There are 2 protein chains.
Amino acid sequence: MISDTQKTQAESTAAKIRTLILNGTLQPGQPLRQEALSEQLSVSRTPLRHALQSLAEEGLVETTGYKGARVAELDRGMIDDLFEMRLLLEPLALGSAFPQITKLDLARAEMALDAADAEDEPSRLSALNWDFHHALYRPSNRQTLLRTIAQLNKASALAEVIASSIVARPEKSAAEHRILLQACRDGDEAGAIAALGEHLRLAHRDIRTRKD
Amino acid sequence: MISDTQKTQAESTAAKIRTLILNGTLQPGQPLRQEALSEQLSVSRTPLRHALQSLAEEGLVETTGYKGARVAELDRGMIDDLFEMRLLLEPLALGSAFPQITKLDLARAEMALDAADAEDEPSRLSALNWDFHHALYRPSNRQTLLRTIAQLNKASALAEVIASSIVARPEKSAAEHRILLQACRDGDEAGAIAALGEHLRLAHRDIRTRKD
DNA sequence: GAAATCATAATTGTATCCAATATTGATTTC
DNA sequence: GAAATCAATATTGGATACAATTATGATTTC
């Protein structure tokens with residue numbers, strides 16, 4: 001095998017469970033019984049447990065010793081925290097990346113946006129959303145910063161999915177993304193950072209509104 | 001049992017390994033063979049694997065599928081990222097907490113400082129260091145923010161431990177902590193936040209200098 | 001009838017065994 | 001002699017069996 005990180009069953013089942021959560025098949029607060037899930041996903045309990053641990057440290061699942069795991073319930077405070085942190089960290093990443101963004105990066109970002117326009121499965125939309133942001137941050141080459149930002153994005157993915165059920169929210173999000181992308185194309189760093197901040201603030205506001 | 005989170009072997013072995021890493025028994029880059037470690041810590045490989053996964057998502061261990069885990073090597077970029085993030089997030093936490101900090105919180109913080117003065121085992125010093133910071137941030141009641149800050153602190157713990165071998169660094173750190181604590185006592189929010197920022201900047205500079 | 005107690009079942013965590021992958025070292029081939 | 005090939009070993013990931021813990025429900029006690 002050539003790849004330097006062989007994909008393991010634990011990882012792929014984590015991905016599957018993430019999809020089930022984001023698509024609403026597994027609802028917030030719902031208990032995740034290991035035997036039932038392992039049967040449903042046709043894996044043993046061993047990789048399943050590793051998957052649950054991953055999701056727990058991702059924030060999508062809450063687990064307590066000997067009592068089991070359940071889908072995380074996101075409250076107002078969690079959403080506020082996630083978006084306030086993203087609002088501090090993501091502009092930093094974009095700024096660091098900006099001088100090194102290539103046409104290829106921009107192409108990748110645009111590809112994600114185009115795909116997102118045609119997609120409506122929540123989990124895939126969520127992945128494409130991250131692809132877009134990631135394409136713009138990655139040229140910063142700041143791995144540790146990106147790791148934290150990735151975590152925050154995964155954790156807020158559930159909130160964003162719920163938000164996407166808000167009327168016209170996906171369209172607004174797409175428009176904000178296009179503005180950000182155009183600013184990057186124009187070499188307008190300040191404009192890009194401002195657009196990113198605006199995008200995060202608007203998303204936060206809509207999600208917060210929805211949850212009262 | 002009354003406690004709502006029964007401690008599991010995976011967690012306690014994770015703590016043990018963390019100590020071994022922070023105390024330098026396990027050096028950065030060193031491979032962590034499961035069988036050897038499980039034998040040394042007298043647990044089976046099952047909880048050991050969970051512990052390694054935890055440490056990996058904490059950032060103290062790097063793991064690659066089927067190839068095994070090794071103690072993380074921290075490069076310059078990682079340290080810069082960790083401290084820049086902390087410099088953005090921790091003042092936010094302190095500011096949110098400030099109006100709600102009680103005398104009890106201050107007492108807890110001081111207790112950690114006093115204990116740290118008499119301690120010289122790296123892993124315990126690291127824990128006390130976190131206790132101090134955590135005591136001041138916790139009244140914010142912003143769990144998600146605190147979780148991320150905790151992660152960043154755990155990840156930079158290794159760097160700080162190495163830094164503590166710098167001559168006079170622990171004394172400087174203690175002094176900076178005292179200034180911060182005093183500002184909190186005086187109800188001087190701006191001063192406290194400034195002191196915290198200064199503390200993080202100085203720690204970052206010393207660590208960076210040490211690593212060239 | 002409500003609370004406490006205890007046995008039973010359901011569920012998670014751990015140990016052990018097996019399979020899949022990677023690493024090593026000898027052998028071959030040019 | 002160096003690179004490629006392949007067998008043998010070491011090491012990790014996964015499946016199953018067992019132990020520890022928690023949840024459930026009947027029984028008792030007041």
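This one's a predicted model, so the numbers in the text were calculated from it and none came from an experiment. Order of the sequence lines sets the chain letters (A, B, ...), proteins ahead of strands, with each chain counted from 1.
Counting to the nearest Å, the C1' atom of dT12(C) and the CD atom of Glu62(A) are 18 Å from each other. Atom pair Glu35(B):CD and dT14(C):C1' shows a separation of 16 Å (rounding to whole Å applied).
Here Arg142(A) pairs with Ser96(A), Asp81(B), Glu84(B) under the side chain to side chain donor-acceptor pair (under 3.5 Å) rule; sequence neighbours left out. Residues passing the side chain to side chain donor-acceptor pair (under 3.5 Å) test with Arg124(A), sequence neighbours excluded: Glu121(A).
Side-chain contact check for His50(A) and Arg49(B): at least one donor-acceptor pair (N or O, by modelled atom type) lies under 3.5 Å. With no hydrogens or angles considered, no side-chain donor-acceptor pair links Asn153(B) and Glu160(B) at under 3.5 Å. Gln53(A) and Glu57(B) share no donor-acceptor pair across their side chains, judged by distance under 3.5 Å alone. Ser126(A) and Asn129(A) share no donor-acceptor pair across their side chains, judged by distance under 3.5 Å alone.
Distances were taken from every side-chain heavy atom of Gln34(B) (C-beta onward) to each of dT23(C), dT12(D), dG14(D); the shortest belongs to dT12(D). Of all nucleotides listed (dT11(D), dA23(D), dG14(D)), dA23(D) comes nearest to the side chain of Lys67(A).
Between dG14(D) and Thr8(A), a contact under 4.0 Å exists linking OP1 or OP2 to a side-chain N or O. Between Gln9(A) and dA20(C) there is no side-chain polar atom (N or O) within less than 4.0 angstrom of OP1 or OP2.
Across every strand in view, dC30(D) sits in a pair with dG1(C) that passes the Watson-Crick or G-U test at under 3.5 angstrom.
Each of Glu11(A) and Tyr66(A) has a nearest nucleotide on DNA chain D; the 5'-most of these lies closest to Glu11(A).
Taking a 4.0 Å limit (strictly below) on heavy-atom distances, residues 39-52 of chain A reaches DNA chain C at Arg45(A), Arg49(A).
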